[in-house]
Amino acid sequence: FILDVWRFNMPSKKDKSKDANFSVQPVASNEYDVIIVGAGAAGIGVAVTLVDVGLKNFIIVDRDTVGSSFSSWPDETRFITPSFPSNSIGMLDLNSIAIGVSPAFSMKIGHPTGKEYAAHLQDISNYFKLPVCENIDVKEIEKDGEKFRLKTQNETLIAKNVIWAAGEFQYPRSGSFAGSDICRHTATVRNYADLEGDEFLIIGGYESGVDAAYHLAKRNKKIHLFDLESPWDEDSSDPSVSLSTFSYERMRHPTFGKNVKLFPKTPVSKVTFADEKYVLQTKDGRTFQSKVRPLLANGFEGSHKFVSHLFDKREDGFPLLTERDESTVASGMYLCGPSVRHDNHDFCFIYKYRQRFAVVAQTIAASLDISTKEFVENYRSWGMYLDDLSCCGQECLTC
């Protein structure tokens, strides 16, 4: 892929990324100003933001490789948010993680697959010469005085600040009903074309469930799709609540209407296996059978559970954050990515949570006496510095 890296209106001192000799140069030790955990969209995105603000002594660590969570998506699954090369008119591509970067321009694809987007993230990492350390598994993080100690399989890394950006796709949520453990989570499916069987039971009717149903229905499989609510009927413009336009369009495909039967507001009470059949029972007493393991499409738990000791919890279980996305109990510990929550605002998609990268970067830079005025002005002009939620209603982030 060729990156569309147009560093619009960036101050000259921030434009060092254009210099072929420029690269982040952390100190020659295991101590850093910042350690970013996770090399996905959030980790790579916030790293570029640190480069733009002028911070150099940082590293990114990932237990796998750059974009590995995206690489593990089912082959057929695509981004529900469309990419469009609109940077030249001052509107950042919805799937971009950095100012001046357009996946649409780079890949010439409106809805990239996970593997394609992972390659895009790797290209960004290469272009900015980001200090990524792959195959580093952080086993434990502890606050020791004013610094953090991150124990890995080989050494202990030390940082003044930690940005947790480990994402969530690799942590499928278990079901809340008996027998959920014998179901198969959609996150473990590599390719829907490889699934054998003619009839499928899918539990969960949001994006993952509709995606699975669509691809199976195209192969003339018969689908029963169950959901606690009715996301396809939600009268909301917030894609965190209702389905995306991309999913609505696919639900109108003739094979979907022909092969998929929807069961809204139909909680599942249990799933059992006997006589070579899976039996799904709903709470209203109905029973459905399939020779194929039911597919569980109920979302993800989020990696923040691994650092729960460094955050207080909100009532909904997500980390409690300051207005700067910092832990309220461990100063210097920040959260970036789909688990960021403020009041009733859900930052679960890239175009939402990327707006908070610069807030974190500016906070850390200011603590290190780095000037941030021009940086903030530039990021704010691109809609990449959202620090005022006071005007927002429940759906303001999608307006």
Side-chain angles (χ1 to χ4, degrees), residues 1 3-8 10 14 17 24 34-55 58-62 64-71 79 81 83 87 91-107 112 114 116-134 161-169 302-304 324-325 334-340 347-365 375-376 378-380 382-387 397:
F1 299 115
L3 287 179
D4 172 29
V5 185
W6 305 336
R7 308 302 288 166
F8 293 110
M10 297 295 285
K14 306 295 191 301
S17 57
V24 177
V34 183
I35 294 178
I36 301 170
V37 181
I44 297 299
V46 75
V48 173
T49 310
L50 293 182
V51 171
D52 283 344
V53 81
L55 200 149
F58 72 91
I59 59 170
I60 311 162
V61 297
D62 194 284
D64 202 330
T65 58
V66 172
S68 59
S69 288
F70 291 99
S71 297
F79 269 59
T81 48
S83 283
N87 292 4
M91 300 174 65
L92 198 60
D93 188 322
L94 280 177
N95 292 324
S96 174
I97 58 168
I99 292 175
V101 174
S102 172
F105 182 89
S106 303
M107 296 184 283
E116 288 166 341
Y117 198 77
H120 173 72
L121 292 178
Q122 183 64 66
D123 284 343
I124 293 175
S125 177
N126 293 341
Y127 182 89
F128 287 97
K129 301 180 182 179
L130 298 178
V132 178
C133 300
E134 298 181 326
N161 302 278
V162 173
I163 300 175
W164 188 261
E168 59 180 31
F169 186 78
S303 64
H304 56 81
R324 315 301 292 179
D325 291 355
Y334 297 86
L335 182 67
C336 281
S339 294
V340 172
F347 291 81
C348 61
F349 292 120
I350 288 175
Y351 63 86
K352 289 186 176 185
Y353 63 71
R354 72 184 184 187
Q355 299 176 98
R356 303 292 295 180
F357 294 162
V359 175
V360 172
Q362 189 272 333
T363 304
I364 294 175
F375 165 82
V376 170
N378 184 65
Y379 267 73
R380 196 186 298 279
W382 277 95
M384 287 280 279
Y385 190 93
L386 179 63
D387 62 338
L397 294 178

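Every heavy atom of this structure was used, including side-chain atoms; hydrogens, water molecules and symmetry mates were not. We count residues from 1, following the sequence as given.
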A.B. asks: Under 3.5 Å, is there a donor-acceptor pair between the side chain of Thr81 and the main chain of Asn95?
C.D. replies: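 No: the side chain of Thr81 does not pair with the backbone of Asn95.
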A.B. asks: Please name all residues satisfying side chain to side chain contact (heavy atoms under 4.5 Å, CB included) with Ser69, sequence neighbours left out, ordered by chain then number.
C.D. replies: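 Only Phe169, Gln170 meet the side chain to side chain contact (heavy atoms under 4.5 Å, CB included) criterion with Ser69.
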A.B. asks: Got a second to check how far Ile364's CD1 is from Leu55's CG, nearest 0.5 Å?
C.D. replies: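 These two atoms lie 7.5 Å from each other.
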A.B. asks: Look at the aromatic rings of Phe70 and Phe79 and report parallel, tilted or perpendicular, splitting at 30° and 60°.
C.D. replies: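 Parallel: the ring planes of Phe70 and Phe79 meet at under 30°.
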A.B. asks: Do Phe357 and Cys336 come within less than 4.5 Å of each other through their side chains, counting heavy atoms only?
C.D. replies: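 With C-beta onward as the side chain, the pair touches.
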A.B. asks: Sequence neighbours left out, what passes side chain to side chain donor-acceptor pair (under 3.5 Å) with Ser71? Give chain and number order.
C.D. replies: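 Expected list: none.
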A.B. asks: Give the minimum heavy-atom separation between Val132 and Ser125, together with the two atoms involved.
C.D. replies: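 Heavy-atom minimum between the residues: CG2-OG, 3.4 Å.
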A.B. asks: Search all heavy atoms of Ala118 against all heavy atoms of Gly67 and return the closest pair with its distance.
C.D. replies: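 That closest heavy-atom pairing would be CB-O, 3.3 Å.
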A.B. asks: Determine the minimum heavy-atom distance between Glu134 and Asp64, stating which atoms define it.
C.D. replies: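 The answer is CB-O, 3.3 Å.
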A.B. asks: Can you find a heavy atom in the side chain of Leu386 that is under 4.5 Å from one in the side chain of Phe347?
C.D. replies: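 They are in side-chain contact.
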A.B. asks: Minimum heavy-atom separation for Ala358 and Met384, please, with both atom names.
C.D. replies: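 So the two residues come closest at CB-O, 3.4 Å.
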A.B. asks: Grab the two heavy atoms, one from Ala104 and one from Asp93, that are nearest each other, plus how far apart they are.
C.D. replies: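 Result for this residue pair: N-OD2, 3.1 Å.
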A.B. asks: Using side-chain contact (heavy atoms from CB on, under 4.5 Å) as the criterion, point out the one residue from Val360, Val34, Ile36 that pairs with Asn161.
C.D. replies: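 The residue from Val360, Val34, Ile36 that satisfies side-chain contact (heavy atoms from CB on, under 4.5 Å) with Asn161 turns out to be Val34.
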A.B. asks: For Arg324, enumerate each residue passing the side chain to side chain donor-acceptor pair (under 3.5 Å) test, keeping only those at least two apart in sequence or located in another chain.
C.D. replies: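 With neighbours one apart ignored, the set is Gln362, Thr363, Tyr385.
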A.B. asks: His120 vs Tyr117 aromatic rings, parallel, tilted or perpendicular, using cut-offs 30° and 60°?
C.D. replies: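 The arrangement is tilted - the two ring planes meet at 30° to 60°.
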A.B. asks: Working to the nearest 0.5 angstrom, can you tell me the gap between Arg380 CZ and Phe375 CZ?
C.D. replies: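 Separation between the atoms: 11.0 Å.
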A.B. asks: I'd like to check the ring-ring contact (aromatic ring centres under 6.0 Å, His included) partners of Tyr334; sequence neighbours left out, ordered by chain and number.
C.D. replies: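 Per chain and number, Tyr334 pairs via ring-ring contact (aromatic ring centres under 6.0 Å, His included) with no residue.
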A.B. asks: Just jot down the side chain to side chain donor-acceptor pair (under 3.5 Å) partners of Gln122, sequence neighbours excluded, or say none.
C.D. replies: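 For Gln122, the residues satisfying side chain to side chain donor-acceptor pair (under 3.5 Å) (neighbours in sequence not counted) are Asn126.
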A.B. asks: With side-chain contact (heavy atoms from CB on, under 4.5 Å) as the test, pick out the partner of Ile97 among Val46, Val48, Ile124, Leu92.
C.D. replies: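 Of all the options given, the one that passes is Ile124.
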A.B. asks: My understanding is that only residues two or more places apart in sequence, or in another chain, count here; which of them pass side chain to side chain donor-acceptor pair (under 3.5 Å) with Asp325?
C.D. replies: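 If we apply the side chain to side chain donor-acceptor pair (under 3.5 Å) test to Asp325, skipping adjacent residues, the hits are His342, Arg356.
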A.B. asks: Any chance you could measure Ile60, atom CD1, to Ile44, atom CD1, to the nearest 0.5 Å?
C.D. replies: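 Answer for the CD1-CD1 pair, Ile60 versus Ile44, is 4.0 Å.
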A.B. asks: Check whether any side-chain heavy atom of Phe58 sits under 4.5 Å from a side-chain heavy atom of Ile163, and report yes or no.
C.D. replies: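 Result no, sub-4.5 Å side-chain heavy-atom pair not found.
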A.B. asks: State, to 0.1 Å, how close Gln355 and Gly383 come at their nearest heavy-atom pair, and which atoms those are.
C.D. replies: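 Shortest heavy-atom separation between Gln355 and Gly383 comes out as CG-O, 3.5 Å.
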A.B. asks: Distance-only, no hydrogens or angles: does the Ser96 side chain make a donor-acceptor pair with backbone N or O of Ser102 under 3.5 Å?
C.D. replies: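 Judged by distance alone, no pair lies under 3.5 Å.
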A.B. asks: Is any side-chain heavy atom of Val101 less than 4.5 Å from a side-chain heavy atom of Tyr127?
C.D. replies: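 Answer no - side chains too far apart.
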A.B. asks: Side chain to side chain contact (heavy atoms under 4.5 Å, CB included) for Ser68 and Asp62? Distances and angles first, verdict last.
C.D. replies: CA-CA 9 Å; Ser68 59; Asp62 194 284; 4.0 Å; yes
